[in-house]
There are 2 protein chains.
Amino acid sequence: MTMTPEEINRTVSQLLDQAPGRSTRARESVLNILLSAPTALNHHNIEEVAKQRDLSIDRVTLYRTLDWLVEQGVAHRIASVNRSWYFSAVAQPDMEPHAHFHCKKCQQIYCLEDVQAAPMHNLPKEYQLEEADLCLQGQCVTCNRDANG
Amino acid sequence: MTMTPEEINRTVSQLLDQAPGRSTRARESVLNILLSAPTALNHHNIEEVAKQRDLSIDRVTLYRTLDWLVEQGVAHRIASVNRSWYFSAVAQPDMEPHAHFHCKKCQQIYCLEDVQAAPMHNLPKEYQLEEADLCLQGQCVTCNRDANG
DNA sequence: TGTAAAGTGCAACTATGTTACAGTTTATCC
DNA sequence: GGATAAACTGTAACATAGTTGCACTTTACA
């Protein structure tokens with residue numbers, strides 16, 4: 001997921017061209033920000049990055065833009081323990097469902113694309129399962145390294 | 001988890017006596033409500049049940065009471081997709097961590113005490129894991145039965 | 001039964017997300 | 001290239017979930 005700025009720009013254009021809506025400044029900026037981030041971001045995080053880049057995105061527009069990106073399958077929405085939604089870009093449309101890791105120290109949320117929720121054996125069969133999210137918590141690579149010197 | 005009202009009262013007293021705080025009307029009522037419920041409840045649900053029972057519990061007191069019950073290990077707190085916390089009673093102190101099922105139709109959250117998050121193989125070992133929550137979504141037993149006649 | 005600490009109630013506040021509606025921009029057609 | 005309708009954006013006002021500060025009340029216990 002480490003892309004050069006040019007690769008990010010190219011991916012943004014590709015993804016937006018494929019989607020059935022208009023390509024606007026807000027959508028480009030937000031998707032660019034998501035693709036550039038190593039972790040999932042919430043609204044607040046995205047607003048901050050936008051501010052750093054001297055982009056001003058209206059709060060409501062940001063909400064709507066993120067909804068739209070999720071609808072288009074270009075971003076995915078992650079529920080978190082701190083009652084806000086987190087978002088991460090979906091660069092390839094065939095991305096598998098995967099686990100998320102919430103670091104209790106730095107509060108970042110990582111997508112662990114290689115870790116999936118295991119199939120369940122003893123779920124009573126009267127429950128009709130549609131989604132299974134595996135939400136891990138603990139300390140992330142970076143914080144762990146910082147702590148252990 | 002189906003207890004008679006007398007059993008519930010007895011359990012409430014036992015659990016509160018064991019805890020290092022005071023036994024108050026709010027704590028008794030809330031714990032009673034949680035023990036009586038077949039699913040996990042959020043603040044709003046609890047307020048409604050309390051109202052039905054002609055108990056009036058202040059909003060803030062309810063928040064604090066629930067925090068306290070969780071601290072004491074008498075209730076557990078479940079993050080949900082609709083940005084509110086859900087709570088369920090922990091009748092036995094040695095209850096295992098278990099999966100939760102959120103019904104997309106009736107919005108209830110069920111504790112599936114027999115379903116656990118499977119141990120993970122491919123979590124990079126630099127991540128220090130402390131908790132693993134398995135959050136299932138779909139249609140619950142009741143809604144499924146209603147739909148299939 | 002008096003007292004200190006623990007718990008409660010109220011008001012005001014913060015954070016996150018939503019709705020309505022008028023104004024602006026985009027894609028498209030001529 | 002310019003006009004047009006639909007799509008998108010910005011503002012204000014609102015809704016919901018949860019928190020904080022502080023005065024008041026209740027509990028446990030000597």
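Quantities reported herein were computed from a predicted structural model and do not represent experimental measurements. Just so it is clear: chains get the letters A, B, ... in the order the sequence lines come, proteins before strands, and each one is counted from 1.
- Atom CG in B/Leu55 sits roughly 13 Å away from atom P in C/dT8 (whole-Å rounding).
- With A/Thr39 as the partner, the side chain to side chain donor-acceptor pair (under 3.5 Å) test is satisfied by one option alone out of A/Gln107, A/Gln108, A/His100: A/Gln108.
- Between A/Asn82 atom CG and D/dG18 atom P there is a gap of 12 Å when expressed in whole angstrom units.
- As a whole-Å value, the separation of B/Trp68 CH2 from D/dT27 P is 14 Å.
- When every heavy atom of A/Pro20 is checked against every heavy atom of A/Gln72, the shortest pair comes out as CD-OE1, 2.9 Å.
- If you check D/dC8, C/dT8, D/dT19 against the side chain of B/Tyr63, the one that comes closest is D/dT19.
- Counting non-hydrogen atoms under 4.0 angstrom, B/His44 reaches nothing in the nucleic acid.
- Judged by distance alone with a 3.5 Å cut-off, no donor-acceptor contact links the side chain of B/Arg83 to the base of C/dG17.
- Looking at the side chain of B/Asp58, the nearest of the listed nucleotides C/dC10, C/dG7, C/dA12 is C/dC10.
- Nearest approach of B/Met95 to B/His98, heavy atoms of both residues: CE-CE1, 3.5 Å.
- Here the side chain of A/Asn122 pairs a donor or acceptor atom with the backbone of B/Asp114 at under 3.5 angstrom.
- Counting to the nearest Å, the C1' atom of D/dA15 and the CZ atom of B/Arg59 are 12 Å from each other.
- We find that CD of B/Gln72 is positioned 13 Å from C1' of C/dG7, with the value rounded to whole Å.
- Put simply, B/Trp85 has no side-chain N or O that comes within less than 4.0 Å of OP1 or OP2 on D/dA17.
- The environment of A/Lys104 atom NZ is dense: over 12 non-hydrogen atoms of other residues, nucleotides or ligands sit within 6.0 angstrom.
- Residue B/Glu47 contributes atom CD, which lies 13 Å from atom C1' of C/dG9 at whole-angstrom precision.
- With rounding to whole Å, B/Gln107 atom CD is found 12 Å from D/dA17 atom P.
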Report task. Summarise how protein sits on nucleotides 19-26 of chain C as a single string, 5' to 3': B when a protein heavy atom is under 4.0 Å from the base, S for sugar-phosphate-only contact, - for no contact. Result -> BB----BB
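- Considering only residues two or more places apart in sequence or on other chains, A/Arg77 meets the side chain to side chain contact (heavy atoms under 4.5 Å, CB included) condition with A/Asp67, A/Val70, A/Trp85, A/Phe87.
- For the pair B/Asp17 CG and D/dT27 P, the interatomic distance rounds to 14 Å; values are reported in whole Å.
- For B/Thr61 and C/dG9, the shortest distance from a side-chain N or O to OP1 or OP2 is below 4.0 Å.
- Residues A/Trp68 and A/Ile78 do not share a hydrophobic cluster, clusters being chains of Ile/Leu/Val/Met/Phe/Trp/Tyr side chains in contact below 4.5 Å.
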